[in-house]
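Position 1 is the first residue of the sequence, and the numbers go up from there.
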Amino acid sequence: MKNELKKFAHFRREMVEKQIVSRGVTDPLVLEAMSKVPRHLFVSEALGDSAYGDFPLPIGEGQTISQPYIIAEMTQSLELKGHERVLEIGTGSGYQAAVLARIVYKVYTIERNNSLFLQTRKLFDTLKYHNIVTRYSDGTQGWKQESPFDAIIVTAGGQQIPAPLIEQLAIGGRLVMPVGGNFSQELIRLEKTEDGIKTTNLGGCRFVKLIGQNGWDE
């Protein structure tokens, strides 16, 4: 067991240094979180040794866990300080929520697939991520009862950013989401200010489809 823990700790250090820092991610909170979260526990046991590789991995139900760099880039783009309440759309494996939970005050995460929802809820409890609140629902409608949020992260691609998510973002808040077509998107960072909406294109990416009332049809 000790050797296993040492092995995965080594994999995490290599992941952060070779895949994330080398590509320009500098936020110390993001680097610290990703050096601590046991990514191998968020994939099947058979894929454990591949969990820290520079590529996405399947997690079942037609979904994937994004490559580490993309998760780091999206998290850094939210400019988190530690006090925030963050909404995640698309819990998936739970890894992104776990990274956020090590940085912010509270994470609210929505998953539309019941199997993944139950699986990740159990994992969060096992790993004692008590500041993650989960919900089984259509993420494209957001979580109005808990809004406004200081930051919102969407881990699936849509043709446009759902209007309810923009509405539920606090003034001064940041939202990051892949926007585009079926097979490729651009990673868009949106900032909501007193004067309106400002968007920044962070570059190309590829995510599974954001399905829901304000996304793609199933």
Leu41 and Leu123 have their tightest heavy-atom pair at O-CD2, 3.5 Å

Can you list the steps and then say if Asn201 with Ile188 is a side chain to side chain contact (heavy atoms under 4.5 Å, CB included)?
CA-CA 5 Å; Asn201 189 328; Ile188 301 299; 4.1 Å; yes

Cut-off 3.5 Å, side chains only: do Asp138 and Thr140 have a donor facing an acceptor?
yes

In sequence, state the C-alpha distance, the side-chain angles, and the governing distance for Ser137 and Trp143, and then conclude on side chain to side chain contact (heavy atoms under 4.5 Å, CB included).
CA-CA 9 Å; Ser137 184; Trp143 199 332; over 6 Å; no

Is it possible for you to say whether Leu87 and Val104 belong to one hydrophobic cluster, with membership spreading through side-chain heavy-atom contacts below 4.5 Å?
no

Using 0.5 Å steps for rounding, measure from the CD1 atom of Ile59 to the OH atom of Tyr95.
13.5 Å

Should Thr75 and Val25 be marked as a side chain to side chain contact (heavy atoms under 4.5 Å, CB included) after you check the CA-CA gap, both sets of side-chain angles, and the distance that decides it?
CA-CA 10 Å; Thr75 306; Val25 175; over 6 Å; no

Would you name the heavy atoms of Phe149 and Val86 that are closest together and state the gap between them?
CD2-C, 4.2 Å

For residues Thr26 and Gln76, determine if any side-chain heavy atom of one lies less than 4.5 Å from a side-chain heavy atom of the other.
yes

Is there a side-chain contact between Pro58 and Leu47, using heavy atoms and a 4.5 Å cut-off?
yes

For the residue pair Phe8 and His40, categorise the inter-ring angle as parallel (less than 30°), tilted (30 to 60°) or perpendicular (more than 60°).
parallel

Salt bridge (charged side-chain N to carboxylate O under 4.0 Å, His left out) pairs, two or more places apart, involving residues 146-158:
Arg85-Glu146

Calculate, to the nearest 0.5 Å, the distance between atoms CD1 and CD belonging to Ile70 and Gln19 respectively.
11.5 Å

Using the rule that Ile, Leu, Val, Met, Phe, Trp and Tyr join whenever any side-chain heavy atoms are under 4.5 Å apart, tell me whether Tyr52 and Val99 fall into a single cluster.
yes

Just wondering, more than 12 heavy atoms not from Arg121 lying within 6.0 Å of its CZ?
yes

Heavy-atom neighbours of Asn114 CG exceed 12 at 6.0 Å
yes

Main-chain N/O of Phe183 paired with Arg206 side-chain donor or acceptor, under 3.5 Å
yes

Could you pull out the closest heavy-atom pair between Pro178 and Ala156, with the gap in Å?
CD-O, 3.4 Å

Verdict with reasoning, Ile132 to Leu100, per side chain to side chain contact (heavy atoms under 4.5 Å, CB included):
CA-CA 9 Å; Ile132 299 178; Leu100 289 167; over 6 Å; no

Rounded to the nearest 0.5 Å, what separation is found between the CD atom of Glu186 and the CG atom of Leu202?
9.5 Å

Within a strict 4.5 Å, meaning less than it, do heavy atoms of the Glu111 and Thr134 side chains meet?
no

Exercise: do Gln63 and Ser93 side chains pair donor with acceptor under 3.5 Å:
no

With a 3.5 Å distance limit and no angle check, can you tell me whether Gln141 reaches the backbone of Gln213 through a side-chain donor-acceptor pair?
no

Evaluate the side-chain proximity of Thr155 to Glu88: yes if any heavy-atom separation is below 4.5 Å, no if none is.
yes

What pair of heavy atoms forms the shortest contact from Leu116 to Glu61, and how long is it?
CG-CG, 4.0 Å

Are Val107 and Phe124 packed together at the side-chain level, in the sense that at least one heavy-atom pair is separated by less than 4.5 angstrom?
no

Treating Ile, Leu, Val, Met, Phe, Trp and Tyr as nodes and any side-chain heavy-atom pair under 4.5 angstrom as an edge, say whether Tyr69 and Met34 lie in one connected cluster.
yes

Residue pair Arg174 / Leu169: nearest heavy atoms and the distance that separates them
O-CD1, 3.5 Å

Verify the cluster assignment for Leu80 and Val133: are they in a single hydrophobic cluster under the rule of side-chain heavy atoms below 4.5 Å apart?
no

Contacts satisfying salt bridge (charged side-chain N to carboxylate O under 4.0 Å, His left out) that involve residues 16-30 (not counting sequence neighbours) are Glu14-Lys18, Arg23-Asp54

Please round to the nearest 0.5 Å and tell me the distance separating atom CD of Gln145 and atom CD of Gln168.
8.5 Å

On the 0 to 90° scale, with breaks at 30° and 60°, tag the Tyr129-Phe42 ring pair as parallel, tilted or perpendicular.
tilted

How many angstroms lie between CG in Leu187 and CE in Met177, if you round to the nearest 0.5 Å?
10.0 Å

Which atom pair, heavy atoms only, marks the closest approach of Phe55 to Arg39?
O-NH2, 3.9 Å

Taking NZ, NE, NH1 and NH2 as the nitrogens, is one of them in Glu79 or Lys81 under 4.0 Å from a carboxylate oxygen of the other?
no

Are any of the side-chain heavy atoms of Glu32 and Ile103 separated by less than 4.5 Å?
no

To the nearest 0.5 angstrom, please state how far the CD1 atom of Ile89 sits from the CG atom of Leu175.
8.5 Å

Taking the side chain as every heavy atom from C-beta outward, state whether Lys192 and Ile152 have any pair of such atoms under 4.5 Å apart.
no

In this structure, are over 12 heavy atoms from other groups packed under 6.0 Å from Lys122 atom NZ?
no

Within the structure provided, determine whether Leu190 and Ile197 are in side-chain contact (heavy-atom separation under 4.5 Å).
yes

If you count the non-hydrogen atoms of other residues, nucleotides and ligands that lie under 6.0 Å from OH in Tyr105, is the total more than 12?
no

Applying a strict under-4.5 Å side-chain criterion to I, L, V, M, F, W and Y, I'd like to know whether Val43 and Phe11 cluster together.
yes

If we ignore hydrogens and angles and just use 3.5 Å, is the side chain of Glu167 paired with the main-chain N or O of Leu165 as donor and acceptor?
no

